[in-house]
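As structure tokens, the structure follows; a few thoughts come after it.
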Amino acid sequence: MRVPINTITPDTPSAEVIGWAHEIRDLGGLAFLLIRDRTGIIQVTVPKKKVAPEIAETIRAISRESVVRVTGMVKPEGKAPGGRELIPDAIEIVSLSATPLPLDVAEKVPAELDTRLDNRFLDARRPRVSAIFKIRNAVQHATRNFFFDNGFIEINTSKIVAAATEGGTELFPIAYFEKEAFLNQSPQLYKQMMMAAGFEKVYEIGPIFRAEEHNTTKHLNEATSIDIEVSFTDHIGVMQTLEDLVRDIYQFVDKTCSDAIADLGLDSFAVPEKGFPRLPYSEAIEIASAKCEEDIAYGDDIGTAAERAIGEEMGRMYFIVDWPSSIRPYYAMPYENDPEICKAFDMMHPRMELSSGAQRVHQHDLLVEQIAKKGLNPENFEFYLNPFRFGMPPHAGWGLGAERLVTTMLGLPNVREAVLFPRDRHRVVP
RNA sequence: GCCCAGAUAGUGUAGUGGCCUAUCAUGUCGGCCUGUCACGCCGACGACUCGGAUUCGAAUUCCGAUCUGGGCGCCA
């Protein structure tokens, strides 16, 4: 019976392991074979004169990264990693690996991200890479738990749509029989429709597609969005939900992923403290214009340099609130007493934006007015506007970039590190 | 969309016109080696992205193509 490598202790009498040949060190009369599975590494020690001759022969035939099965006695051994080693009774090559390897799994020689992504299955054999995806798994698990516990309904909406929901962003056109269709850039419209459907609290974890030709370490053309929409609340309410969720995710990762965190070599893993500051846009602009060379004025979008300057000043996760209505989408609810600003927010990590959301406009006529104000034709929004005519409750929501959350949480240098098979400007394979 | 940079063995690199039959590491193959843990030692193998130009001579300069990385804008 095969056992996971990390379950073998110095007290284990005997074991069968199946895993990948991580390294082979042949000293002549004595050989060491390191076997790795997803739980850890164990050393197989082969004193060639004391084991069956066919075992010594098999050892010579093993190439690195082959899948091998070893059964044998476990011996406590201070000199071996993990304080134990395996003395083989039998070794079998289950699947021989070809040589040379396209990249060095043992990480003696680094590989560039591009090489790694071309050979992602090999790259992901490296503990520091698989650790990222174990943590990503915990992030999504914690997210689903959080929403389930808080009475949210998970929805799955179509990624094939007839038109843009928000405008602005470029869409990927696809052939849909005799019609033109697109890959969806956001579940925004569907979430809002479910408010009209009376679901009250919904969330979706799903892909979003954006055909923008950006080329940065924080953009993807296919990303995973954690999206919520909640009725009978406002932006303040969903901001609190967002802060609670993010802290909950960090706590869950902290509690359940200590091995993965250690594999990543993180010195510290800090759960963000309660009470993310709510920084009004106008104050954010003041900080940015004081710290940045370039001219930054009220009404400008917050660019990369400004974002960095403000993040430095804040030094923790924070919200930017009370944005000018002019630079937010038509569906962001303007303040009743000051329609020049709106109930929209961004949630920021000092490094980058993680989420944006708002209380939405739920009044049909106001929405038409807002669409027209943006220079868009309300007639093109029939499909979107229809639910607003038949009893749309007040509601608010946000979208949170799952990859960015993981990237900032783990201090990864590039958002592509947090995606198994990233899609960017140049990459469609594998 | 705009801008910048880069492309050398399987991998990661050195190399600013002749000293390049191209450096180093890792790897692979062969040999030696009984406590390695980046094992060590000896030997071998393996590369200048493509096309054009300049030049007596190009990995190196220039032009074009292809591929790649990054910055900006916009965004999650």
Side-chain angles (χ1 to χ4, degrees), chain A residues 22-34 41-51 56 60 63-65 75 77-82 85 87 97-119 122-123 166-170 185-188 206-227 242 294 300-308 327-329 346-349 351-357 398-408 413-416 418-419 424-427:
Chain A
H22 188 68
E23 264 185 80
I24 302 150
R25 286 193 273 273
D26 191 339
L27 274 59
L30 185 67
F32 300 99
L33 167 66
L34 300 183
I41 288 181
I42 191 166
Q43 174 171 291
V44 177
T45 301
V46 188
K48 289 185 190 165
K49 284 178 188 155
K50 292 181 196 163
V51 299
R60 280 187 67 83
S63 54
R64 292 196 315 155
E65 295 305 317
K75 253 184 51 189
E77 173 54 73
K79 292 175 215 159
E85 62 186 9
I87 311 295
S97 171
T99 58
L101 295 164
L103 60 83
D104 177 16
V105 176
E107 291 190 280
K108 284 180 188 166
V109 179
E112 288 194 350
L113 186 57
D114 194 47
T115 307
R116 292 173 45 209
L117 293 176
D118 281 341
N119 302 280
L122 274 177
D123 182 50
E166 302 181 30
T169 298
E170 294 292 314
Q185 60 169 139
S186 153
Q188 172 77 17
I208 56 171
F209 304 91
R210 304 198 171 173
E212 281 153 11
E213 298 186 7
H214 34 44
N215 195 212
T216 76
T217 56
K218 59 178 182 180
H219 288 99
L220 295 162
N221 291 296
E222 179 182 9
T224 307
S225 180
I226 300 169
D227 259 277
L242 179 52
E294 57 194 290
D300 290 346
D301 258 312
I302 293 179
T304 307
E307 187 176 288
R308 206 172 294 134
I327 53 172
R328 300 298 288 209
D346 280 357
M347 199 203 70
M348 313 292 296
H349 180 277
R351 266 179 77 189
M352 65 181 89
E353 179 184 342
L354 298 185
S355 170
S356 77
W398 43 254
L400 167 66
E403 287 85 6
R404 286 191 177 185
L405 180 64
V406 172
T407 300
T408 53
N414 191 318
V415 72
R416 293 170 180 86
V419 192
D424 60 37
R425 176 72 186 82
H426 300 291
R427 181 173 289 278

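What you are looking at is a predicted structure, and each value in this text was computed from that prediction instead of being measured. Only heavy atoms go into these numbers, but all of them, side chains included; no hydrogens, no water, no symmetry mates. Letters A, B, ... mirror the listed sequences (proteins, then strands); counts begin at 1.
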Would you indicate what A/Arg427 reaches in the nucleic acid, counting non-hydrogen atoms under 4.0 angstrom: base, sugar-phosphate, or nothing? nothing

So what does A/Asp118 hit on the nucleic acid, given a heavy-atom distance under 4.0 Å: a base, only sugar-phosphate, or nothing? nothing

Looking at A/Arg116, does any N or O in its side chain come under 4.0 Å of the phosphate oxygens OP1/OP2 on B/G12? no

Reckon A/Leu354 touches a base, only the sugar-phosphate, or nothing at all at heavy-atom distances under 4.0 Å? sugar-phosphate

For the student: nearest non-hydrogen atoms of A/Val415 and A/Arg404, plus distance: CG2-N, 4.2 Å

Ignoring hydrogens and angles, tell me if any N or O in the side chain of A/Ser225 forms a donor-acceptor pair with the backbone of A/Gly206 under 3.5 Å. no

Does A/Asn215 reach a base, just sugar-phosphate, or nothing at all? Heavy atoms under 4.0 Å. base

Integer angstrom distance from the P of B/C29 to that of B/G71: 40 Å

Applying the Watson-Crick and G-U wobble criteria at under 3.5 Å, what pairs with B/A59? Answer none if nothing qualifies. none

Is the distance from OP1 or OP2 of B/C75 to the nearest side-chain N or O of A/Lys218 less than 4.0 Å? no

A/Leu220, nearest nucleotide to its side chain (from B/G70, B/A76, B/U36): B/A76

Using a heavy-atom cut-off of 4.0 Å across all strands, would you classify A/Glu107 as base, sugar-phosphate, or nothing? nothing

Without swapping roles, check the side chain of A/Arg210 against the backbone of A/Gln185 for a donor-acceptor pair under 3.5 Å. yes

Polar pair under 3.5 Å, donor/acceptor by atom type, side chain A/Gln43, base B/U36: yes

Atom C1', compared across B/C42 and B/G6: separation rounded to whole Å: 38 Å

Starting at atom NE2 of A/His22, determine the distance to atom P of B/C37, rounded to an integer number of angstrom. 14 Å

Report which part of the nucleic acid A/Arg308 touches: base, sugar-phosphate, or nothing (heavy-atom distance under 4.0 Å, all strands). sugar-phosphate

Mapping A/Ser356 and A/Thr99 onto RNA chain B by nearest heavy atom, which one lands closer to the 5' end? A/Thr99

Think A/Arg425 has a side-chain N or O under 4.0 angstrom from the OP1 or OP2 of B/C2? no

Need the pair for B/C2. Rule: Watson-Crick or G-U wobble, both distances under 3.5 Å, any strand; none if unpaired. B/G71

Could you let me know what B/C45 is paired to, Watson-Crick or G-U wobble, both distances under 3.5 Å, or none if it's on its own? B/G27

So, the side chain of A/Glu403 versus the backbone of A/Thr224: is there a donor-acceptor pair under 3.5 Å, distance only? yes

P spacing across the pair B/G43 / B/U23, given as an integer number of angstrom: 15 Å

5' priority, RNA chain B, between A/Gly29 and A/His219 [closest heavy atom]: A/Gly29

B/G70, OP1 or OP2 - any side-chain N/O from A/Asn414 closer than 4.0 Å? yes

Looking at A/Thr115, I'd like to know whether one of its side-chain N or O atoms comes within less than 4.0 Å of OP1 or OP2 on B/U11. no

Hey, does the side-chain of A/Glu85 have a donor or acceptor N/O within less than 3.5 Å of a partner on the base of B/G35? yes

Which part of the nucleic acid, if any, lies within contact of A/Leu113, taking any heavy atom under 4.0 Å across all strands shown: a base, the sugar-phosphate backbone alone, or nothing? nothing

Please report the distance, rounded to the nearest Å, between CG in A/Asp424 and P in B/C74. 21 Å

Euclidean distance, atom CG of residue A/Leu27 to atom P of B/C33 [Å, nearest integer]: 11 Å

Remember a base hit wins even if backbone is also touched, and classify A/Pro81 as base, sugar-phosphate or nothing at under 4.0 Å, heavy atoms. base

Reckon A/Ala111 touches a base, only the sugar-phosphate, or nothing at all at heavy-atom distances under 4.0 Å? sugar-phosphate

Using the P atom as the point on both nucleotides, what is the distance between B/A14 and B/U8, in whole Å? 10 Å

What is the nucleic acid contact for A/Ala402, judged by heavy atoms within less than 4.0 Å: base, sugar-phosphate only, or nothing? nothing

Using the rule side chain to side chain contact (heavy atoms under 4.5 Å, CB included), only one of A/Thr407, A/Leu113, A/Asp114 pairs with A/Arg416; which is it? A/Leu113

Which atom names give the shortest non-hydrogen contact between A/Ser355 and A/Gly399, and what distance separates them? OG-O, 2.9 Å

Rounded to whole Å, CZ of A/Phe32 lies from P of B/U36 at a distance of 7 Å

Out of B/U36, B/A38, B/C74, which nucleotide sits closest to the side chain of A/Glu212? B/C74

Given the C1' atoms of B/G10 and B/A47, what is the spacing between them in whole Å? 11 Å

With a non-hydrogen cut-off below 4.0 angstrom, is A/Asp301 in contact with a base, only sugar-phosphate, or nothing? sugar-phosphate

Using a cut-off of 4.0 Å on non-hydrogen atoms, how would the nucleic acid contact of A/Glu222 be classed: base, sugar-phosphate, or nothing? nothing

Could you work out the separation of B/C4 and B/G73 based on their C1' atoms and round it to a whole Å? 15 Å

Would you say A/Thr216 reaches B/C75's phosphate, i.e. side-chain N/O to OP1/OP2 under 4.0 Å? no

P gap between B/C19 and B/U28, integer Å: 33 Å

Using a cut-off of 4.0 Å on non-hydrogen atoms, how would the nucleic acid contact of A/Ser225 be classed: base, sugar-phosphate, or nothing? nothing

Please give the distance between the P atoms of B/A9 and B/A22 as a whole number of Å. 14 Å

In whole angstrom, what separates A/Trp398's CH2 from B/C75's C1'? 17 Å

Would you tell me if any nitrogen or oxygen in the side chain of A/Thr45 comes within less than 4.0 Å of OP1 or OP2 on B/G35? no

Base paired to B/G64 (Watson-Crick or G-U; both N/O distances under 3.5 angstrom): B/C50

Side-chain donor or acceptor of A/His426 under 3.5 Å from a matching atom on the base of B/C67? no

Taking any heavy-atom pair under 4.0 Å as a contact, classify A/Ser63: base, sugar-phosphate, or nothing. nothing

Please state whether the base of B/C74 and the side chain of A/His214 form at least one donor-acceptor pair under 3.5 Å? no

The Watson-Crick or G-U wobble partner of B/U34, with both key distances under 3.5 Å, is none

Between A/Thr45 and A/Leu30, which heavy-atom pair has the shortest distance, and what is it? CG2-CD1, 3.8 Å

Scanning both residues in full, the closest heavy-atom pair of A/Glu353 with A/Glu307 reads N-OE2, 3.7 Å

